[in-house]
Amino acid sequence: MHPLGWDSFGMPAENAAIKHGIHPAVWTRANIQEMKGQIQKMGISYDWDREIATFQEDYYRWNQWLFLKMWERGDVFRAHRNVNWCEELGTVLANEQVVDGKDERTGFPVVQKPMEQYFYAISKYSQELLDGHDQLDWPENVKAMQRHWIGRSEGARLSFDLATGEQIQVFTTRLDTLFGVSFMALSTEHPVIEEAAKADPGLKAFCDQVAGMSREDRLMSDIKLGYRSTVEAVHPFTGEKVPVFAANYVLMDYGTGAVMGVPAHDERDHAFAKKYGVSITQVIAPVDGHEVKAEDCFADEGILINSGEFTGLSSEAAVDAMVAKLGDRAEKAITFKLKDWGLSRQRYWGTPIPTIHCPTCGVVPEKAENLPVRLPEDVEFHGRGASPLTTSRAFLDCTCPACGAAATRETDTMDTFVDSSWYWMRYLDPKNDQAPFAKAESDAWMPVDLYIGGIEHATMHLIYARYFYKVLRDLGMVSGDEPFKKLICQGMVLKDGFKMSKSKGNIVDPDEVIARYGADALRLFMIFAAPIEKEIDWTGFEGIEGATRFLKRVTRMVDEHVVCGEELPAKDQLSKEEKELLRKLHLMIHRITDDLETRYSFNTLVSGLMELANALGDLPADAPHRGPVMQHALSAFVRMLSTAAPHLAEQLWEQLGGQGFVMHATWPEAQEAYMSAEEVTVVVQVNGKVRGRVTLSPSATEDERRAAALACPEAQAHLAGKEIVKVVIPPGGKLISVVVKNP
RNA sequence: GCGAAUGUGGCGGAAUUUGGUAGACGCACUGGAUUUAGGUUCCAGCGGUUCACCCCGUGCGGGUUCGAGUCCCGCCAUUCGCACCA
């Protein structure tokens, strides 16, 4: 199965609509039509019966259906999270639309504002997403990126008492440094800080300042900012008072939003303590005993010092001992960086989230039988303000599915990553109007054998896709754990070192290239230029001209060949050159088949075809059985050529008298009988250097090989007068290595 | 800073699994043939060198081995990803 679909919701269509006043649906349909035309001209063998488009209601209704299923299972929740809010535009912006804290287009200021949104609870699957990598034949760098993204870290959770009787919980990977705690750093959004700010105008101002910083500024700035609150915590072992700071470097959405500050053994805490004059206490000494200056930071594990009864323990042993001693106050814990997936978008061009706001029942899911919640197309675009859904009465007005009272429809739409998180399942059953897909189809086809996509999808899309598959499994809809067995990340085609883009004007129009050179030459060049996962820099037309030359030569070869229906004579009747050609042919069938089916090495597949064409051209014109030998070889050659140059291959196949379409013809089979040779050239090495060659029968014995090597005339100069230490004859029969030394 | 990958002719790149003839195939270039000429096509050459021989050569330095582009150790460089994750 080789399907294609159109991931067609999202910002490009909406932006085009705002900019040019075209409706996103019109723009989207026009684009799909154009791209489909180009793909068809290239002769790519997609199965158009399975074509899908995510903006159509027969697709997105199943996004909604899955949302409801996940809602039932408790995989959906609502929570507040900051968004990029632009007051002047009255809308939310994506991260990439915000530059220097301003809207990229209008320059209006953008601030962080908490907004209630829908989330998929992907973090429940953190551990499983990590473990699943073992069964995946994926590039190592992609797995590494995902591991990073999921970000598992082992440590402990621990509570500090406050003077007020409340507690602050922290997560730390270095519980062994507990005696070095000289301050606490809390996120400005931490409840304890928010509470303290009510009575402390200075703290309030600090928190507002940090909140006003754009996400970018916050991440980019190396400067540690803090504000000492009036709150103090109590050290669980020493009972000492520890100051509590609000700090910009502590993130509310990781761990507990609070950090125990250990300046002597953590770089960040160290920088912060220096700036705010907090004391630095060393509690870990290096294992190798080297001296650490009192003012320096030592972040490795080691041996505990200045740590009361724990002094002398190793870092590892100290963690266990402390957890035991702290009792209810501490426990070992694992934290992940992976955050729950916020899927709300305050935009128009996406799948409407199928919920309803009822004045009495609150947020209620729509009933499954009322799906789809249609995205209305008769709305106005003015390029400002909120999504048109918020002003469309026809869309908004509805009744509550729970109590039947008048209610309002949700106006948020789904992140387009939802669309792309299960689309490949829809290919299996694209016309199904009872379910997203039938289990029988899934069991018959899944998992996907080969998934090809850009490296830019290494984290987001490929994690969401794996997550959805696990949810589908838990819903009983699929049987496996992982959707994509093998992954290849395809390289891009660049122009002059840059990604092609219309705005930069560095575009090579495929239609033009096809008009000039043909689709076959373009395909051949593109797959030959580099391995599939590498980028190709399109510097000029020399490469494609080379491909054209090859295709012309092949065409000429078939034109000049007189079609021959004669049987191929028995091998022993063929001339030496004929046997040699057939040997090359069958060896090459073997190699090309391997390149195609197991190695996915298409550039060497093409070079193999070229080598084979060279060999065909070398057969003497007066070879005694030229007709049947060429017929046999060309027939196999053209069938293999059809993978790279399908259009020309069809024509040549017909010229050769082939039945039906070459696409449907059986793949040539590499026959052992033709691969063997009566004589092979064997390399003679002396002390590892190639010194000569001898011709031997493949069945020559070890003794015969040894004798031939020692008698090799070119090697004599390096053998004469030397003591023969040994003769190595490795398996494979292609080489004999003689080891000598001066007597 | 952390993580991953990659370093092979003028260029894109080959060298499969388990160490065994480095530079396949193509581009560019050079010379020749055909042609009034250009283009096309065909033939030959094309890592370096003191150029039949020998020697050197897969980022650098070591090591293992009869033999290393491939394996091990230590560097260097480039690219990509993540980046205050406690």
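Here is how names work: the chains are called A, B, and so on, in the same order as the sequence lines, proteins then strands, and each is numbered from 1.
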With P as the reference atom in both, quote the distance from B:U16 to B:C2 in angstrom, rounded to an integer.
-> 34 Å

In chain order, what residues pass the ring-ring contact (aromatic ring centres under 6.0 Å, His included) check against A:Phe237, with sequence neighbours excluded?
-> A:Phe179, A:Phe310

By side chain to side chain donor-acceptor pair (under 3.5 Å), A:Glu154 pairs with (sequence neighbours left out) A:Arg152

Rounded to whole Å, CG of A:Asn614 lies from P of B:C42 at a distance of 10 Å

Would the A:Phe245 and A:Phe272 ring centres measure less than 6.0 Å apart?
-> yes

Just the dot-bracket of RNA chain B, please: which string comes out with Watson-Crick or G-U pairs under 3.5 Å, [ ] for crossing, | for another strand?
-> (((((((..(((.......[....))).(((((.......))))).((......))..(((((..]....))))))))))))....

Under 3.5 Å, which N/O atoms of the protein pair with N/O atoms of nucleotides 62-73 of chain B?
residue, atom, partner, partner atom, Å
B:C66, O2, A:Ser737, OG, 2.8

Rounded P spacing from B:G7 to B:G13 in Å | 10 Å

Given B:U41, B:A4, B:C25, the nucleotide with the shortest approach to the side chain of A:Ala144 = B:A4

Nearest-angstrom distance, P atom, B:G45 to B:G19 = 34 Å

With A:Phe298 via ring-ring contact (aromatic ring centres under 6.0 Å, His included) - residues at least two apart | none

What residues, two or more places apart in sequence or in another chain, satisfy side chain to side chain donor-acceptor pair (under 3.5 Å) together with A:Arg174?
-> A:Asp176

Set of side chain to side chain donor-acceptor pair (under 3.5 Å) partners for A:His190, sequence neighbours left out | none

Nearest to side-chain heavy atoms of A:Val259, which nucleotide of B:G20, B:A24, B:A86 | B:A86

Residues passing the side chain to side chain donor-acceptor pair (under 3.5 Å) test with A:Tyr276, sequence neighbours excluded, are none

Rounded C1' spacing from B:G67 to B:C76 in Å = 27 Å

Expressed in angstrom and rounded to an integer, what is the separation of A:Met145 atom CE from B:A4 atom P?
-> 12 Å

Please find out if less than 6.0 Å separates the ring center of A:Trp538 from that of A:Phe525.
-> yes

Protein-to-nucleotide contact annotation, 5' to 3' order, nucleotides 9-18 of chain B [B base; S sugar-phosphate only; - none; under 4.0 Å, heavy atom] | ---BSSSB--

A:Glu542 CD - B:C27 P separation (whole Å) = 10 Å

When all nucleic acid strands are considered with a 4.0 Å heavy-atom cut-off, which category describes A:Arg691: base, sugar-phosphate, or nothing?
-> sugar-phosphate

Which is true for A:Gly151 with a 4.0 Å heavy-atom rule: it touches a base, it touches only sugar-phosphate, or it touches nothing?
-> nothing

Consider the side chain of A:Arg549, meaning its heavy atoms from C-beta on, and name the nucleotide among B:C27, B:A86, B:C84 that approaches it most closely.
-> B:C27

Could you give the distance separating B:C29 and B:U78 at their P atoms, to the nearest angstrom?
-> 32 Å

Could you work out which one of B:A4, B:A86, B:U41 sits closest to the side chain of A:Ser153?
-> B:A86

To the nearest angstrom, the NZ-C1' distance between A:Lys584 and B:A24 comes to 12 Å

Distance in angstrom units between A:Leu522 CG and B:G26 C1', rounded = 16 Å

For the residue pair A:Val283 and A:Leu304, establish whether any side-chain heavy-atom pair is separated by less than 4.5 Å.
-> no

State which of B:C25, B:G20, B:C84 makes the closest approach to the side chain of A:Pro730.
-> B:G20

Let me have the donor-acceptor pairs involving side chains of residues 689-697 of chain A, under 3.5 Å, with sequence neighbours excluded, atom names and distances please.
residue, atom, partner, partner atom, Å
A:Arg691, NH1, A:His718, NE2, 3.4
A:Ser697, OG, A:Ser699, N, 3.1
A:Ser697, OG, A:Ser699, OG, 2.8

Applying salt bridge (charged side-chain N to carboxylate O under 4.0 Å, His left out), which residue pairs with at least one partner in residues 540-551 of chain A are found, sequence neighbours left out?
-> none

Roughly how far apart, to the nearest Å, are B:G23 and B:G47 at atom P?
-> 10 Å

Return the set of residues passing salt bridge (Lys or Arg N to Asp or Glu O under 4.0 Å) with A:Glu140 (not counting sequence neighbours), or none when no residue passes.
-> A:Arg147

Starting from P on B:C25, measure out to CE on A:Met526 and report it in whole angstrom.
-> 24 Å

Given atom NE2 of A:His190 and atom C1' of B:A86, what is their separation to the nearest angstrom?
-> 13 Å

